[in-house]
Amino acid sequence: MRFTLTIALTAAALLTACGKSSEPAASTSTPAPAHSTQPTWLLASAPEGARPVAEIKKSAAEGDMVVMQAKVGGRVEPITKGVAVFVVMDPAIPSCDQIPGDTCGTPWDYCCEPKESMTANSATVQVVDASGKPMAIDLESQGLKPLQVVTIVGKVAPRPNDAVLIIQATGIHIATN
């Protein structure tokens with residue numbers, strides 16, 4: 001429904017702009033401002049007070065609001081396609097490309113790290129909508145790539161145990177490395 005409305009509004013705007021209609025297009029919704037092409041969750045600057053993944057993982061409780069600094073990685077494919085979910089590691093943990101002599105083809109998977117370190121220093125991030133559900137967007141098309149440093153603002157999701165940390169993100173700043 002929303003997609004159809006967007007197409008109809010776009011078509012009406014194009015026809016009006018081309019001079020094929022002298023009547024303004026009727027609209028049942030308020031269109032987004034023309035200058036607003038950046039998603040609201042994509043932050044222009046890094047928020048203050050960011051803490052590393054490992055520190056937050058040790059003390060965070062369900063419902064806590066956090067600002068976390070991390071590096072995208074922890075799996076061969078850390079960014080889920082088609083849904084706004086990705087895995088991060090504590091930035092203090094070296095990825096394989098930071099280890100002299102390591103020739104790993106996928107350094108963002110942290111395969112050089114022991115399993116215990118991976119568990120203690122990783123988290124899952126979900127970019128969520130107003131209802132708390134992960135958005136159906138391609139994060140890579142928004143500029144997110146493996147090994148990028150990110151600052152995440154969000155709420156801690158339910159934690160079934162200390163090894164699990166899921167952040168329901170409402171804002172992400174992607175650092176330019």
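We use all heavy atoms of the structure for the numbers below, so side chains are in, but hydrogens, waters and symmetry mates are not.
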**Report entry** Working for side-chain contact (heavy atoms from CB on, under 4.5 Å), residues M89 and V53
**Finding:** CA-CA 7 Å; M89 290 291 293; V53 176; over 6 Å; no

Requested in this report: Enter the distance from S95:OG to I93:CD1 here, rounded to the nearest 0.5 Å.
Outcome: 10.5 Å

**Report entry** Working for side-chain contact (heavy atoms from CB on, under 4.5 Å), residues C104 and C112
**Finding:** CA-CA 9 Å; C104 180; C112 49; over 6 Å; no

Query raised in the report: Is K57 reaching over with its side chain to a backbone N or O of N121, donor-acceptor style, under 3.5 angstrom?
Result: no

Query raised in the report: Of the non-hydrogen atoms in V83 and P134, which two are nearest, and what is the gap between them?
Result: CG2-CB, 3.8 Å

Query - Closest contact, heavy atoms only, Q148 versus A175 - result: NE2-O, 4.1 Å

Query - Shortest non-hydrogen separation from A60 to L165 and the atoms involved - result: CB-CD1, 4.4 Å

Requested in this report: Answer yes or no: is there a donor N or O on one side and an acceptor on the other, between the side chain of D97 and the main chain of P107, under 3.5 Å?
Outcome: no

Requested in this report: Look at the side chain of E55 and the backbone N and O of P52, then say whether any donor-acceptor pair between them is shorter than 3.5 Å.
Outcome: no

Report summary line: Minimal heavy-atom distance between P94 and Q98, with the atoms involved, is CA-OE1, 3.1 Å

Requested in this report: Examine distances only and state if a side-chain atom of R159 and a backbone atom of V164 form a donor-acceptor pair shorter than 3.5 Å.
Outcome: yes

Query - Sidechain-backbone polar pair: W108 side chain, V76 backbone, donor-acceptor under 3.5 Å - result: yes

Report task. To the nearest 0.5 angstrom, please state how far the CG atom of L147 sits from the OH atom of Y110. Result -> 6.0 Å

Query - For D138, all residues meeting side-chain contact (heavy atoms from CB on, under 4.5 Å), sequence neighbours excluded - result: E140, S141

Query raised in the report: What's the shortest heavy-atom distance between A70 and P91, and which atoms?
Result: CA-CD, 3.8 Å

Query - Check against side-chain contact (heavy atoms from CB on, under 4.5 Å), I172 and Q142 - result: CA-CA 11 Å; I172 298 174; Q142 299 295 320; over 6 Å; no

Query raised in the report: Can you list every pair that meets salt bridge (Lys or Arg N to Asp or Glu O under 4.0 Å) and has a residue in residues 100-128, with sequence neighbours left out?
Result: none

Report task. Test K133 against Q126 for side-chain contact (heavy atoms from CB on, under 4.5 Å), laying out the working first. Result -> CA-CA 8 Å; K133 303 282 185 213; Q126 304 172 336; over 6 Å; no

Query raised in the report: Between the main-chain N or O of V85 and the side-chain N or O of T80, is there a donor-acceptor pair closer than 3.5 Å?
Result: yes

